[in-house]
Each structure stands twice: as structure tokens, then as C-alpha cells.
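Following: one structure in C-alpha cells, then a few remarks.
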Amino acid sequence: MKRIAVLTSGGDSPGMNPAIRSITRTGLNMGLEIFGIRNGYQGLLDEEIVPLDFHAVSGRIRDAGTFLQTSRCLEFTKEEGQKKALRMLEKYRIDGLIVIGGDGSLNGARALHRYGLPVIGLPGTIDNDLFGTDMGIGVDTALNTIISLVDMIRATAASHRRCFVVEVMGRGSGYLALMTTISTGSQVAVIPEYRMNLEKIIEVLDRRFTNNHNASVIIVAEGVCQGAEFMQRLIELGKVRQEIRLTVLGHVQRGGTPTHYDRLLASRMGEMAVLALISGERGCMVATVNGKMQLRDLDDILERRKALPADAIRLARNIGIEIGDVVER
Ligand code: ADP
Ligand code: F6P
């Protein structure tokens with residue numbers, strides 16, 4: 001193992017920069033040459049490959065996003081694209097690749113691994129939907145960003161006795177919505193893992209409004225439906241006695257300055273990815289399980305669906321959050 005390359009792919013997540021920094025510096029410290037591939041798999045096909053030295057990653061630890069940039073690349077999902085990618089890596093005599101991204105990006109990493117390229121993945125997604133790791137890089141920062149925004153919404157909601165519907169990210173997972181509901185003191189989480197019960201939601205709103213003219217906040221995961229669609233359904237029921245407003249948080253959720261947790265997680269995962277490649281590990285993702293770093297087989301993690309943490313579901317129910325009924329899969 002003499003030359004390692006790193007790329008970021010799919011949706012950016014805060015902490016990707018600290019991960020690239022750690023990979024670069026650990027690799028250099030181990031006597032390797034490090035290359036950055038710009039713009040994800042698309043950049044690999046377009047030969048956007050640049051050497052990274054110690055200074056190239058200076059000052060990056062506090063920036064959200066990814067300075068290598070990222071993309072979604074249809075060509076790479078096809079066999080021809082993957083073979084072209086391998087030829088490009090061969091041209092630069094790259095011996096090992098580290099891919100930072102979500103499940104799509106790690107599927108791409110596994111495809112290259114199956115052609116024999118030594119590959120290690122890092123979980124870089126705010127959705128926290130990758131099986132096998134307790135946390136992904138960027139999840140903590142995204143949650144901190146979201147809760148500070150929802151706290152602001154709660155202030156105006158209370159002042160106007162309103163019901164707010166807040167749409168948060170989470171393509172196929174209710175993790176962000178559930179955790180946000182718990183830590184902002186919101187009343188309802190509408191998440192893809194549970195079937196919403198509109199009648200129960202109305203009961204919650206009604207009880208709060210009757211008791212003290214209290215406002216309510218409903219957190220909707222985008223994986224269920226758009227916040228606007230959910231609000232329309234509520235309005236059509238004709239039973240909500242207060243004004244309803246909608247806030248779609250959107251991409252600000254990905255833009256927060258990486259928290260201490262994410263900087264440390266990304267740095268530790270980046271270091272482990274390099275050490276793993278050097279010691280001959282291949283086709284794995286670096287995971288954190290009960291606070292310990294582990295390597296998990298890509299085959300294992302990509303074939304399984306991550307469930308929401310049972311203790312978080314229990315906690316939500318115990319503190320009176322309405323989350324609906326479990327969806328049988
Ligand atoms: P994320 O990694 O955040 O889940 P995407 O699902 O958009 O983001 O995937 C990012 C990129 O990874 C895609 O644009 C594509 O280039 C690559 N990719 C996704 N799925 C696969 C797959 N099954 N095989 C090969 N490459 C894939
Ligand atoms: O994968 C992370 C994520 O933030 C999802 O929650 C969301 O659906 C998606 O990315 C949106 O990304 P973009 O708008 O950049 O395609």
C-alpha cells in the first residue's frame with residue numbers, strides 16, 4: 001500500500017472535511033502518498049485527481065461540507081462506468097480507496113471492492129440510516145443545527161398559540177425527526193417507521209389547546225411526505241382549532257459547523273480507515289458501536305435495514321410524544 005485516494009460522494013455531511021484531513025495526515029505520517037478525488041465518482045471518471053499534502057488540509061477541520069466536493073453520478077452505477085473508474089485509479093497507481101458517503105456511495109465502494117480494489121468506507125450521511133454503526137459522520141451536527149432552529153420556532157409558535165409543522169430531512173429514516181422531537185420538547189414525530197395516526201395527533205393538539213391555549217410542534221420526516229402535504233391533511237380534517245404554519249428546514253440542516261463529536265468521530269474514523277487499508281482489510285466500513293471503533297463488512301451493512309434505537313422509541317413514548325403505530329415490514 002503506497003498510494004491511497006479519498007473521495008466524498010452523495011449528500012455532503014458536516015464532518016467530511018475533518019475525515020479527509022485525518023486520512024491525509026495519518027496516511028502521510030505512515031509514509032503513504034495521498035490523493036484527493038474531486039467531485040465524487042463523477043470526478044473519478046473525469047480524472048479530477050489531485051495530490052494532498054499536509055497543508056492542503058490545513059484549516060479544514062471547522063468547515064461544513066466537503067472541500068473535495070461531491071456529486072451524484074449515474075454513469076458510475078453502470079458496469080462500464082465502474083471499469084472506467086478502475087482504469088483511472090490504475091493510471092494514478094492508486095492501491096487503495098476510501099469512500100465517504102451514505103448507502104448509495106458505499107454501494108459504489110462495494111462494487112469497486114468486488115473488482116478487487118482495496119476499499120474502505122466511512123459513513124458520511126446526516127440521515128443516520130446506515131446499519132452497523134450507531135452514528136454517521138454529520139448526524140450530531142445536523143441535530144444540533146435542527147434543534148436550534150426548532151427552538152426558535154417554538155418561541156413564535158407559543159407567542160401565537162399556533163401549531164407548527166416542521167419538515168426535517170431523512171429520506172428513508174425517521175432518526176432525525178425522532179431525536180429532534182425528543183430534544184426540542186415537540187409533541188409529535190411523523191416518521192416512516194411508524195404509521196401516523198391523525199386522530200391521535202388531533203387529540204394531542206386539542207388537549208394542549210384546551211388546557212392552556214398551548215402551541216404544538218409536529219416534526220415530519222421528509223421520508224413520510226412533504227410537510228405541506230401533511231399540513232393539508234390536517235387542515236382538511238377540519239378539527240384543528242388553532243392556526244397552522246409550516247416550516248421546511250431544507251439544506252441548512254447540512255450546513256452547520258461540525259460539532260466536537262463529529263470532528264472527533266470523523267478524525268477517528270479517518271485514521272482507522274487508513275490503518276485498516278495498511279493492515280490488509282478490504283471491503284469494510286468503519287463503524288462506531290457503543291463508543292468503540294469497529295470494521296464491519298460492507299456486504300453485511302448494505303444488505304440490512306437499520307431500525308430506530310428501541311430505547312429512543314421507549315423514551316419518546318414515556319415522555320408523551322405521539323409517534324403513531326408501528327409499521328409491519
Ligand atoms: P448517498 O451516498 O448519500 O446515499 P446517493 O444514493 O445519491 O447518495 O449515491 C451517491 C452516488 O453513489 C450515486 O450517484 C452513484 O454514483 C453511486 N451509487 C449509488 N448506488 C450505487 C450502486 N448500487 N452501485 C454503484 N454505485 C452506486
Ligand atoms: O442523504 C442525506 C440527505 O440529506 C437526505 O435526507 C435528503 O433526502 C437528501 O440528502 C437530499 O439531498 P439533495 O437535495 O442534495 O439531493
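Start at 1 and go down the list; that is how both ligands and their atoms are numbered.
At the top of the distance list for atom 7 (C) of ligand 2, counting protein heavy atoms only, stands Glu222 OE2, 3.0 Å. Of all protein heavy atoms, the one lying nearest to atom 8 (O) of ligand 1 is Gly10 CA, 3.5 Å. Of all protein heavy atoms, the one lying nearest to atom 14 (O) of ligand 2 is His251 NE2, 2.7 Å. Looking from atom 16 (O) of ligand 2 to the surrounding protein, the closest heavy atom is Arg72 NH1, 2.8 Å. Atom 7 (O) of ligand 1 has as its closest protein heavy atom Arg72 NE, 2.6 Å. Summary of contacts: the protein heavy atom closest to atom 26 (N) of ligand 1 is Gly108 CA, 3.4 Å. Closest to atom 1 (O) of ligand 2 among all protein heavy atoms lies Asp127 OD2, 3.3 Å. Closest protein heavy atom to atom 3 (O) of ligand 1: Gly11 N, 3.4 Å. The single protein non-hydrogen atom nearest to atom 22 (C) of ligand 1 is Asn107 CB, 3.6 Å, given as residue, atom name and distance.
In summary, Glu47 and Lys91 engage in a salt bridge, as defined by a charged side-chain N under 4.0 Å from a carboxylate O. Note on Arg254 versus Asp12: salt bridge recorded, some NZ/NE/NH1/NH2 to OD/OE distance being below 4.0 Å. Using a 4.0 Å cut-off between charged nitrogen and carboxylate oxygen, Glu80 and Lys84 do not count as a salt-bridge pair.
The proximity of Ala111 to ligand 1, defined as any non-hydrogen pair under 4.0 Å, does not occur for either the backbone or the side chain. Contacts between Glu79 and ligand 1 below 4.0 angstrom, taking non-hydrogen atoms only, are absent altogether. At a 4.0 Å heavy-atom cut-off, ligand 1 does not touch Gln42 at all.
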>> Please determine whether side chain to side chain donor-acceptor pair (under 3.5 Å) holds for the pair Ser22 and Ser267, giving the CA-CA distance in whole Å, both sets of side-chain angles, and the decisive distance to 0.1 Å.
In response: CA-CA 5 Å; Ser22 171; Ser267 300; 5.0 Å; no
>> Quick one, Thr8 with Thr66, criterion side chain to side chain donor-acceptor pair (under 3.5 Å). Give me CA distance, side-chain angles, the key distance, then yes/no.
In response: CA-CA 7 Å; Thr8 48; Thr66 160; 2.8 Å; yes
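Residue Arg254 holds the heavy atom nearest to atom 12 (O) of ligand 2 of all those in Arg254, Arg171, Met169.
Judged by a 6.0 Å distance limit and a 45° cone about the ring axis, Arg60 is positioned over the six-membered ring of Phe67.
Taking any N or O of Ser105, backbone or side chain, at least one lies under 3.5 Å from an N or O belonging to ligand 1. Checking only distances, Gly102 does come within under 3.5 Å of ligand 1, N or O to N or O. At least one N/O-N/O distance between Gly104 and ligand 1 falls below 3.5 Å. At least one N or O atom of Gly170 sits closer than 3.5 Å to an N or O atom of ligand 2. Considering backbone and side-chain atoms together, Cys73 places an N or O closer than 3.5 Å to an N or O of ligand 1.
When each atom of ligand 1 is checked for a heavy atom of Gln82 under 4.0 Å away, the hits are 25 (C). Ligand-side atoms of ligand 1 in range of Ser9: 10 (C), 11 (C), 12 (O), range being under 4.0 angstrom from any heavy atom.
The local environment of CZ in Arg241 is crowded, with over 12 non-hydrogen atoms from other residues, nucleotides or ligands closer than 6.0 Å. Annotation for Gln294: atom CD counts as buried by contact number, over 12 foreign heavy atoms lying within 6.0 Å. Within 6.0 Å of the CZ atom in Phe54, the count of heavy atoms belonging to other residues, nucleotides or ligands does not exceed 12.
In this structure, Gln253 does not count as a contact residue of ligand 2, since none of its heavy atoms falls inside 4.0 Å of the ligand. At a 4.0 Å cut-off, at least one heavy atom of Thr77 sits close enough to ligand 1 to count as contact. Close to ligand 1: Arg171, with a non-hydrogen atom less than 4.0 angstrom away.
Hydrophobic cluster membership differs between Ile191 and Ile201, with clusters built from Ile, Leu, Val, Met, Phe, Trp and Tyr side chains linked at under 4.5 angstrom. Under the 4.5 Å side-chain heavy-atom criterion for grouping Ile, Leu, Val, Met, Phe, Trp and Tyr, Met16 is not connected to Val119 through any hydrophobic cluster.
The only member of Asn128, Thr259, Thr145 that meets side chain to side chain donor-acceptor pair (under 3.5 Å) when paired with Asp140 is Thr259.
Looking at every heavy atom in both residues, Gly108 comes nearest to Tyr41 through C-OH, 3.4 Å. For the pair Ile301 and Gly132, the tightest heavy-atom approach, listed with the atom from each and the gap, is CG2-CA, 4.1 Å.
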